[in-house]
Amino acid sequence: MSATISLSPVTRIEGHLAIHAETEPVGPDSGAHRVTSARCQGEMFRGIEQILVGRDPLDSQQIAQRICGVCPISHGMASVRAQEMAYGIKPNHNGRLLQNLIWAANYLQSHVLHFYHLAALDFVDVTALLKYEGRNRLLRDLRGWVERAFASKDILPAAPFLPRYEADYVKGLGNNLALLAHYVEALEVRRTCHEMAAVFGARVPHSTALFPGGCTQVPSMDRILEYSSRLKRIDRFIHDVFLPDLLRVAGEFPGYFEMGRGCGNFLCFGVFEMDERDNRFFMPGTLIDGQWAALDEQGISEDVGYSRFAQASGLHPRDGLTQPDPNKQQAYSWVKAPRYRGHVMEVGALARVLVNYHAPQANWVRSEVDAFLAQVKLPAEKLVSVLGRHVARGLEASWIAKQAARWLSEVEVDGPPAAEFQICQQGSGYGLVEAPRGALGHWLAIENYRIARYQCIVPTTWNCSPRDDRGQPGAVEQALQGTQVADPKQPIEVGRIVRSFDPCLACAIH
Amino acid sequence: MSNVTRRDFLRYGTALASATGLSGAYPEIFAQGLESVGTGRTKVAWLEAMSCTGCSVSFLNTENPGPLEVVTEVISLVYHGTVGAAQGEDCFKVLDTVTEQSQFVLVVEGAIPEKMPEACAIGERPLNTLLVPMLRKAKAVLAAGTCAAFGGVPAAEGNITGATSVQNFMKSQGIPTEGRLVNCPGCPVHPESLVGTIAYLASKGCPPLDPQLLAPKMFYSNSVHDECPRFHYWEKQEFAKQLGDPGCLFELGCLGPLSHTGCPRHQWNGGVNWCIRAGAPCIACTSQQFASLRSFPFYRKHETVVPLAART
């Protein structure tokens with residue numbers, strides 16, 4: 001008999017999301033169910049775009065950062081790029097490098113946070129602590145904490161690590177204990193990444209130092225050392241801990257290289273300017289039905305047939321509107337449904353990797369990915385999966401850490417940190433960049449020195465979109481189709497697939 | 001301090017008096033919090049309303065104690081949607097259990113969609129409905145961040161959700177706030193102010209509050225301007241003209257006199273930097289009117305190009 005599986009709310013992601021999946025039994029004697037269709041419901045709307053209208057354009061790099069506290073730098077930078085286009089300026093030499101360095105630090109923070117503190121509890125068995133017999137003080141202390149929690153007959157013992165779904169966690173004791181110890185170490189690592197972002201960004205979340213043309217922090221030698229010393233520690237963690245842990249989890253759950261494949265189309269706006277000519281570390285492009293093509297900004301539009309908005313469907317974001325209709329018939333989400341030339345697209349680290357991997361010119365991404373795949377004996381097509389998305393984030397973190405050291409070496413010590421600019425009376429611009437979670441666009445129009453229009457299409461708007469007006473399910477909705485769920489009351493498989501996209505709902509809806 | 005315009009602000013910028021001094025209680029708080037180890041730590045449930053999760057991320061940035069120490073030794077964090085293992089229906093079992101059976105502190109991050117309740121739900125339960133019994137039953141309510149404390153960006157001019165602060169929402173629901181509600185503003189909240197306040201609530205109860213801000217006096221008494229390391233430039237009237245210049249940041253738009261916070265002492269992100277040190281004007285992210293008015297932009301760049309008559 002068909003049944004509905006609910007994961008409502010989805011936790012350990014950013015923001016407010018509920019998932020409902022229609023399922024059918026796998027077989028007459030099995031308790032397992034298979035997902036036939038799924039719905040992603042975004043549950044929180046603030047209307048940041050309307051709040052921006054009528055304001056000083058320079059307010060936007062601050063207000064837009066409040067779209068997301070996990071990836072504020074990316075929103076700040078999308079606003080900065082849109083303003084730079086409107087003002088007709090580019091960052092100066094230091095400005096470009098310092099923006100990249102602040103941004104890179106936020107990427108590293110976000111990827112470490114996502115794997116260890118959001119996703120890992122779907123795989124790691126916290127109760128393995130009770131079996132720990134070794135002499136590591138941290139693990140002994142944590143075991144004692146869990147034991148005391150149970151002995152005290154607390155109504156909610158060992159929170160916030162319990163309650164959890166009872167499911168197929170990592171089986172090897174050594175792997176569990178290593179992952180638990182690294183969960184703790186990663187708390188410090190992600191905080192250190194934030195310190196790096198603050199070295200040039202003043203503070204994070206919500207950097208006050210970002211401006212069109214660069215940033216406010218003059219790169220003195222002590223600032224550069226503060227960054228580089230931390231970067232070395234982070235780089236070691238990525239190579240010695242993060243990448244091995246990804247392989248540890250992959251080794252225990254090889255089936256997740258087959259699960260959550262999704263729509264198979266990928267979109268990348270490109271990110272990290274390498275020079276004045278807009279060459280980027282990750283180049284923009286699209287991959288549709290396996291075919292690479294250059295990005296066409298005009299190809300983007302948003303449908304709202306199943307979204308809680310009253311405006312027309314199919315608008316390009318330059319003309320986009322946000323008119324809430326909270327009780328709209330048929331609508332089941334606050335997320336709009338962006339499409340690229342009508343296609344459902346997946347965005348994120350995997351999209352950056354695959355779009356660059358399949359680009360026509362030979363490039364460093366292809367050689368790095370080929371080397372990795374050869375090392376772990378994995379065919380490239382397996383990357384389009386739950387584990388592939390995790391691996392893509394880990395690889396990307398290692399590349400960004402390496403590149404950040406190069407950017408740091410190119411900084412002109414004590415040189416001006418920003419280009420000069422003037423706010424324009426009329427103008428428009430857009431910032432197409434990449435957040436850790438994927439392709440991010442801000443579209444801005446200025447009239448009489450004020451923001452006349454502001455629209456954002458955010459990575460999770462693409463990934464967690466509801467159906468579009470043609471009825472095509474969004475990327476996560478498609479990734480859930482066909483998933484076998486062992487226990488419909490504890491659908492851990494659904495959570496693992498959804499989290500592999502690193503959703504951010506405050507971003508998606510804004 | 002509400003409804004100050006940029007012009008008002010410029011007029012009396014120099015005349016702003018400093019508030020009362022900082023209590024020296026800060027280090028003792030942790031000692032008190034840690035004493036409760038093993039004697040039943042205070043349960044804390046953390047709900048995200050209309051938020052960006054920036055305050056949760058800022059909480060994870062707490063350094064001494066670190067986040068793991070806070071949740072294993074200072075408090076019992078029974079619910080947190082971004083870090084907790086619980087998912088799906090289990091979340092409501094946890095929230096119902098803690099609301100019915102226990103003394104707890106409720107942390108709210110984000111503003112409340114008072115006029116458009118459909119604008120925020122957790123697991124399809126409207127946030128406002130979920131919050132009311134918890135706000136009533138909690139032994140204390142901590143509004144973490146400027147959105148929860150004062151409305152912040154979601155409640156700024158032009159908002160279409162009727163977003164409001166926890167304080168206004170409690171008042172409209174007839175829920176007492178006196179001695180129960182503590183604001184910890186900041187966009188995001190500073191981890192030391194937040195964790196210090198949580199530890200105080202867990203061990204000693206409601207801290208002494210600033211009567212206007214309802215924020216702990218120990219963290220929110222002095223303004224950025226009062227303790228600004230660039231204050232000497234202000235006294236000499238030496239102003240930064242461009243980003244990266246030395247000098248007082250006032251002419252670039254600095255709102256230090258409006259922002260009551262411990263930033264000059266704590267700095268940010270492990271003390272590695274903070275806004276003023278980085279040459280970034282203070283945007284008064286802890287103030288009651290943070291981001292609230294279109295006519296009061298963060299920066300003064302527009303004054304170099306926009307004729308006065310065109311500024312609204």
Side-chain angles (χ1 to χ4, degrees), chain A residues 6-11 14 16 18 43-47 50-51 53-56 58-59 62-63 66-70 117 121 145 155-156 159-164 184 187 191 194-195 198-199 202-206 208-209 211 216-218 226 324 326 416-418 422-423 448-449 495 506, chain B residues 50 52-54 57-58 61 66-68 71-72 76-78 80-88 90-91 94 97 101-102 116 118-124 153-154 156 158-161 187-188 243-244 268-270 272-275 278-280 283 291 294 297-299 301-302 305-306 310:
Chain A
S6 296
L7 187 57
S8 170
V10 182
T11 50
E14 193 297 325
H16 300 67
E43 300 197 282
M44 193 276 286
F45 167 73
R46 288 169 293 167
Q50 280 83 345
I51 288 166
V53 170
R55 299 191 74 120
D56 185 322
L58 266 185
D59 282 0
Q62 284 305 320
I63 303 260
R66 272 69 187 179
I67 289 173
C68 179
V70 187
H117 308 123
L121 293 180
W145 176 71
I155 52 168
L156 293 164
F161 303 105
L162 297 176
R164 58 166 194 180
V184 177
L187 288 167
R191 188 175 61 214
H194 256 183
E195 290 170 7
V199 165
R203 65 103 188 249
V204 273
H206 306 325
T208 42
F211 272 85
T216 65
Q217 175 67 59
V218 175
E226 291 267 15
Q422 286 299 345
I423 298 168
N448 202 22
Y449 305 104
Chain B
M50 302 167 86
C52 71
T53 307
V57 173
S58 199
N61 282 349
L68 189 74
V71 305
T72 58
S76 170
L77 185 62
V78 292
H80 192 300
T82 311
V83 297
Q87 54 189 326
D90 283 350
C91 297
V94 170
T97 302
Q101 297 186 16
S102 152
M116 191 193 281
E118 301 88 350
C120 187
I122 294 176
E124 293 149 285
V153 166
N159 85 79
I160 43 184
T161 60
C187 190
L243 303 181
W268 275 85
N269 303 101
V272 73
N273 211 351
W274 70 293
C275 309
I283 57 173
R294 287 167 174 157
F298 293 126
Y299 308 110
K301 188 89 183 168
H302 65 286
V305 286
V306 185

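Just so you know, these numbers come straight off a predicted model, no measurement behind them.
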By a 4.5 Å heavy-atom criterion (distance strictly below it), what part of B/Cys275 contacts chain A: side chain, backbone, both, or neither?
both
Under a 4.5 Å heavy-atom cut-off, does chain A meet the side chain of B/Met50, its backbone, both or neither?
both
Drop me the distance from A/Phe161's CZ to B/Thr72's OG1, to the nearest 0.5 angstrom.
8.0 Å
Does a side-chain heavy-atom distance below 4.5 Å link A/Glu226 with B/Asn273?
no
Do B/Glu118 and A/Pro324 have side-chain heavy atoms sitting under 4.5 Å apart?
no
With only heavy atoms counted, which part of A/Ala418 is less than 4.5 Å from chain B, the side chain, the backbone, both or neither?
side chain
Using non-hydrogen atoms and a 4.5 Å limit, figure out which bit of A/Ala18 sits close to chain B: side chain, backbone, both or neither.
side chain
Please check if the side chain of A/Arg55 supplies one atom and the backbone of B/Ala291 the other of a donor-acceptor pair under 3.5 Å.
yes
Taking every heavy-atom pair that is under 4.5 Å apart, which of B/Ala121, B/Gly66, B/Ser76 has the most such pairs with chain A?
B/Ala121
Using side-chain heavy atoms (C-beta onward) and a distance below 4.5 Å, is A/Pro205 in contact with B/Asn61?
yes
For the residue pair A/Gln50 and B/Arg294, what are the closest heavy atoms and their distance?
O-NH2, 3.7 Å
Kindly indicate whether the side chain of B/Pro188, heavy atoms from C-beta on, has any atom under 4.5 Å from the side chain of A/Arg203.
yes
At their closest point, which heavy atom of B/Ala278 faces which heavy atom of A/Gln217, and how far apart are they?
CA-OE1, 3.0 Å
So, for A/Leu187 and B/Pro67, which heavy atoms are closest and what is the spacing to 0.1 Å?
CD2-CG, 4.1 Å
Top of B/Asn159, B/Val83, B/Thr82 for chain A proximity - count of heavy-atom pairs under 4.5 angstrom:
B/Thr82
What heavy-atom pair brings B/Ala280 and A/Thr208 nearest, and what distance separates the two atoms?
CB-O, 3.3 Å
Measure from the side-chain N and O atoms of B/Thr53 to the backbone N and O of A/Gly69, and report whether any donor-acceptor pair falls under 3.5 Å.
no
How long is the gap from CD on B/Gln87 to CG on A/Leu7, to the nearest 0.5 Å?
5.0 Å
Contact origin within A/Pro416 toward chain B - heavy atom pairs under 4.5 Å
neither
Can you tell me which portion of A/Ile67 sits under 4.5 Å from chain B's heavy atoms? Options are side chain, backbone, both or neither.
backbone
Measure the spacing between CD of B/Gln101 and CD1 of A/Ile155 and express it to the nearest 0.5 Å.
5.0 Å
What part of B/Ile122 lies closer than 4.5 angstrom to a heavy atom of chain A: side chain, backbone, both or neither?
both
Heavy-atom pairs under 4.5 Å with chain B, option from A/Val70, A/Leu58, A/Val204 with the top count:
A/Val204
A/Asp59 side chain to B/Pro297 backbone, donor-acceptor under 3.5 Å:
no
B/Cys120 and A/Met44: which non-hydrogen atoms are nearest, and at how many Å?
SG-CG, 3.6 Å
Determine the minimum heavy-atom distance between A/Arg164 and B/Asp90, stating which atoms define it.
O-OD2, 4.2 Å
Mind ranking B/Gly54, B/Gly244, B/Ala85, B/Gly158 by heavy-atom pairs under 4.5 Å with chain A and telling me who comes out on top?
B/Ala85
Part of A/Val10 within contact of chain B (heavy atom distance under 4.5 Å)
neither
Given the options A/Gly54, A/Ala159, A/Ala202, A/Pro160, which has more heavy-atom pairs under 4.5 Å with chain B than any of the others?
A/Ala202
Do the side chains of A/Phe45 and B/Thr161 get nearer than 4.5 Å, heavy atoms only?
yes
Measure distances from A/Glu195 to the heavy atoms of chain B and classify the residue's part below 4.5 Å as side chain, backbone, both or neither.
both
Say you draw a straight line from CZ of B/Phe298 to CD1 of A/Ile63; how long is it, rounded to the nearest 0.5 Å?
4.5 Å
Does some side-chain heavy atom of B/Cys52 sit less than 4.5 Å from a side-chain heavy atom of A/His206?
yes
